[in-house]
Novice: 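Provided herewith is a single structure, encoded as structure tokens, for subsequent inquiry.
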Amino acid sequence: MSSRVSTRREFLRNTGYGVGALSLTGGLLSSLPAAAAAALEDPLALKAPHFAPKAKSVIWLHMAGAPSTLDLFDYKPELVRLHGQPLPDSFRKGLKTATDGGVGALYATKREWKQHGDTGAWVSDLLPNLAGQVDNIAFLKGCKTEGSTHVISSLKLHTSGLVPGRPALGSWVTYGLGSANPDLPAFVVLPTGTGAAGGGRGATIWSSGFLPATYQGTAFRPGDSPMLYIDRPNVVTTAEQRNTLDLLKQLNDHEAQRLHPGDGELEARSRSYDLAYRMQKTAPEAVDLAKETTATKELYGIVDTATSATREYATALLRARRLIERNVRFIHVISGAPDNSVDSWDAHHEIEKNHSVMCRQVDRPIAGLLADLKARGLLDTTLVVWTAEFGRTPYGQTGDGRDHNPWGYTTWIAGGGIKPGTYGATDEIGLRAVSGIADTYDIQATILNQLGLDHRKLTYLYQGRSERATTVYGQVVKEIIT
Amino acid sequence: MRRAAITVLGVFSIAVGVAGPLLAAGTVNLDLSDFDDDIMRDMDDTMKSLDSGIATKDVQSVVRDGQSIQKGLAWAQDYFTKKGSPKDAVQWAQEGQDLAAAISKATQAGDFDTALNKYDSLVKNCRACHDVYKPPDI
């Protein structure tokens with residue numbers, strides 16, 4: 001039994017080529033049944049990219065619930081001028097605009113606006129700290145997507161599918177590049193806060209879908225022990241635990257080879273036991289902020305009691321930086337509400353109150369993260385992506401809120417070979433994208449490109465069909481690449 | 001079959017933001033209620049199969065799917081021509097056929113990189129037309 005395992009490993013070692021890389025280029029393994037290919041390779045082994053990468057890792061900041069980028073980045077004087085008037089026909093033609101609560105009168109932002117930095121990017125007074133970082137950021141103001149519900153659009157944002165079952169981008173990245181740290185998950189999820197965000201922040205957005213289960217995201221909890229049941233029980237010695245796991249692995253390998261060859265679920269389970277054992281030491285250390293200086297914590301907004309609303313989110317972002325330092329590939333931070341005063345960014349009513357709370361929570365931590373990454377020389381190789389499932393409408397809802405807007409909104413990306421500046425635009429009132437249009441497929445293609453992966457050639461054979469992260473779509477947004 | 005009537009604005013061509021023929025300025029009313037959406041759904045699925053065929057270098061499959069796409073787009077071209085549609089719709093349908101043919105040709109010659117590039121152009125072509133003539137499904 002063990003000799004078979006050894007033989008398999010020897011085969012992989014002696015063949016001396018990147019088996020995984022071949023699977024990425026539509027070569028040998030991609031023409032094999034997926035199960036057979038999975039059995040041949042270590043699914044988390046380091047794999048060569050398609051071309052030289054600009055970035056090594058991604059921190060994906062998902063603003064679950066969908067902020068109004070019209071109140072944060074997309075300044076529209078014309079919307080201010082038209083405040084209170086019905087949505088003009090010239091703007092709404094061809095759009096099915098009644099998504100949730102009908103179409104109210106145009107609703108101007110109440111924020112104060114300024115241009116910032118050398119790039120002159122517009123940022124409202126809701127994000128005073130982030131405004132100081134605009135020269136590191138590429139704002140894509142012509143973003144669009146499909147769907148008008150959080151669940152559907154969150155799925156599309158993360159998996160390129162409108163129904164569950166497709167892999168998240170983090171899973172594709174892990175599949176494409178492997179793990180750069182065998183002692184930590186390559187794809188970590190850091191959910192924060194409370195609220196459901198309309199159901200758009202569930203585990204399906206970090207699922208591995210039809211990719212082997214070993215590529216799924218691993219959710220970390222707040223606190224000293226980031227994963228449930230990671231700690232060794234006091235009544236079990238280290239030697240006992242090691243012996244138990246060795247026996248379990250032997251039995252699983254035996255079953256896998258005898259009854260379930262190529263069973264990705266079983267292989268993933270078996271690997272997870274090994275990884276969990278190693279993570280008993282590595283995971284708590286990775287998220288332990290004890291060795292971080294007071295200055296660093298203050299930078300993120302962790303220790304200032306006056307801004308305690310930032311504590312949980314700031315802690316997650318500082319953990320994200322520590323995970324980046326430990327070569328974790330993809331860190332998916334999901335924002336929730338800091339307290340029960342709001343549910344999430346989903347401001348169908350009381351947008352002023354909602355965005356005050358939510359912006360206060362994320363502004364200083366995100367600005368701190370960018371500054372910290374830059375100071376440590378990590379921003380050059382780390383992509384920081386700020387996005388949501390859609391934006392919000394320029395017309396009002398319930399008197400003081402905004403509805404969902406999949407037709408035009410802002411996403412921004414920093415670091416990892418991205419050129420700062422403002423690209424694309426929405427129309428004069430911010431209803432729909434009119435130039436530099438970037439769909440979620442294009443954002444994904446661009447991120448993969450920066451990681452050295454050609455989204456057209458990162459494929460996986462599933463049910464007889466070659467699948468890719470961006471489905472049949474996706475164009476790299478070349479204008480924002482250095 | 002979806003029954004829908006949409007109004008197409010000349011300014012939509014600005015929103016498309018991709019290379020392609022521009023619509024004439026002004027409003028064009030176009031009744032698409034007799035458009036056969038089933039053909040488009042079949043083509044959508046065939047496009048996925050075509051992508052897969054190129055990735056797996058399955059020449060036979062690519063040629064078969066390419067012919068299906070050409071046939072579907074020929075129907076669309078005929079439909080838009082009879083409707084007296086703006087030239088862009090007819091032209092996009094013709095260009096799509098040309099690209100599908102080019103994909104088959106490149107694949108048969110063993111040039112899969114060219115096939116993939118032509119496929120990208122075909123996807124852009126599809127999206128450009130859909131952005132104008134297919135209202136967003138919300």
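Basis for what follows: all heavy atoms, side chains included, without hydrogens, waters or symmetry-related copies. Labels below follow one simple rule: chain letters A, B, ... track the order of the sequence lines, proteins then strands, and each chain is numbered from 1. All values derive from a computational prediction rather than experimental measurement.
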Novice: Side chain from CB out, backbone as N, CA, C, O: work out which of these in B:Phe112 comes under 4.5 Å of a heavy atom of chain A, or both, or neither.
Specialist: neither
Novice: Do A:Lys144 and B:Asp131 come within less than 4.5 Å of each other through their side chains, counting heavy atoms only?
Specialist: yes
Novice: Going by side-chain contact (heavy atoms from CB on, under 4.5 Å), name the residues that satisfy it together with B:Ala115, two or more places apart in sequence or in a different chain.
Specialist: B:Ile54, B:Ile103, B:Ala106, B:Thr107
Novice: In terms of heavy-atom proximity below 4.5 Å to chain A, should B:Asp44 be classed as side chain, backbone, both, or neither?
Specialist: side chain
Novice: Counting only heavy atoms closer than 4.5 Å, note whether A:Tyr441 contacts chain B via side chain, backbone, both or neither.
Specialist: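 When you check distances to chain B, only side chain atoms of A:Tyr441 fall under 4.5 Å.
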Novice: Between A:Asp427 and chain B, with a heavy-atom cut-off of 4.5 Å, which part of the residue counts as in contact: side chain, backbone, both or neither?
Specialist: neither
Novice: A quick test of your reading: do over 12 heavy atoms of other residues, nucleotides or ligands sit less than 6.0 Å from NZ of B:Lys105?
Specialist: no
Novice: Tell me the salt bridge (charged side-chain N to carboxylate O under 4.0 Å, His left out) pairs involving residues 467-477 of chain A, sequence neighbours left out?
Specialist: A:Arg166-A:Glu467, A:Arg468-B:Asp51
Novice: Do you know which of B:Leu50, B:Leu116, B:Val123 has the most heavy-atom pairs under 4.5 Å to chain A?
Specialist: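 Highest number of heavy-atom pairs under 4.5 Å: B:Leu116.
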Novice: Could you tell me whether B:Lys118 atom NZ has more than 12 heavy atoms of other residues or ligands within 6.0 Å of it?
Specialist: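 Check fails, neighbour count at 12 or below.
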Novice: Under 4.5 Å from any heavy atom of chain A, what part of B:Asp113 do you find: side chain, backbone, both or neither?
Specialist: side chain
Novice: Are B:Thr56 and A:Arg465 side-chain neighbours, meaning at least one heavy-atom pair lies under 4.5 Å?
Specialist: no
Novice: Checking side chain to side chain contact (heavy atoms under 4.5 Å, CB included) for the pair A:Thr471/B:Met47: CA distance, chi angles, key distance, verdict?
Specialist: CA-CA 10 Å; A:Thr471 68; B:Met47 283 294 288; over 6 Å; no
Novice: Can you list the residues of residues 63-70 of chain B that sit under 4.5 Å from chain A, counting heavy atoms only?
Specialist: none
Novice: If you tally heavy-atom pairs under 4.5 Å against chain B, which of A:Val472, A:Thr149, A:Ile152 wins?
Specialist: A:Val472
Novice: Just how far is it from atom CG of B:Asp120 to atom CZ of A:Arg456, taken to the nearest 0.5 Å?
Specialist: 4.5 Å
Novice: With sequence neighbours excluded, tell me which residues meet salt bridge (charged side-chain N to carboxylate O under 4.0 Å, His left out) with B:Asp111.
Specialist: none
Novice: First locate atom OG of B:Ser52, then atom OH of A:Tyr462, and finally report the distance between them rounded to the nearest 0.5 Å.
Specialist: 13.5 Å
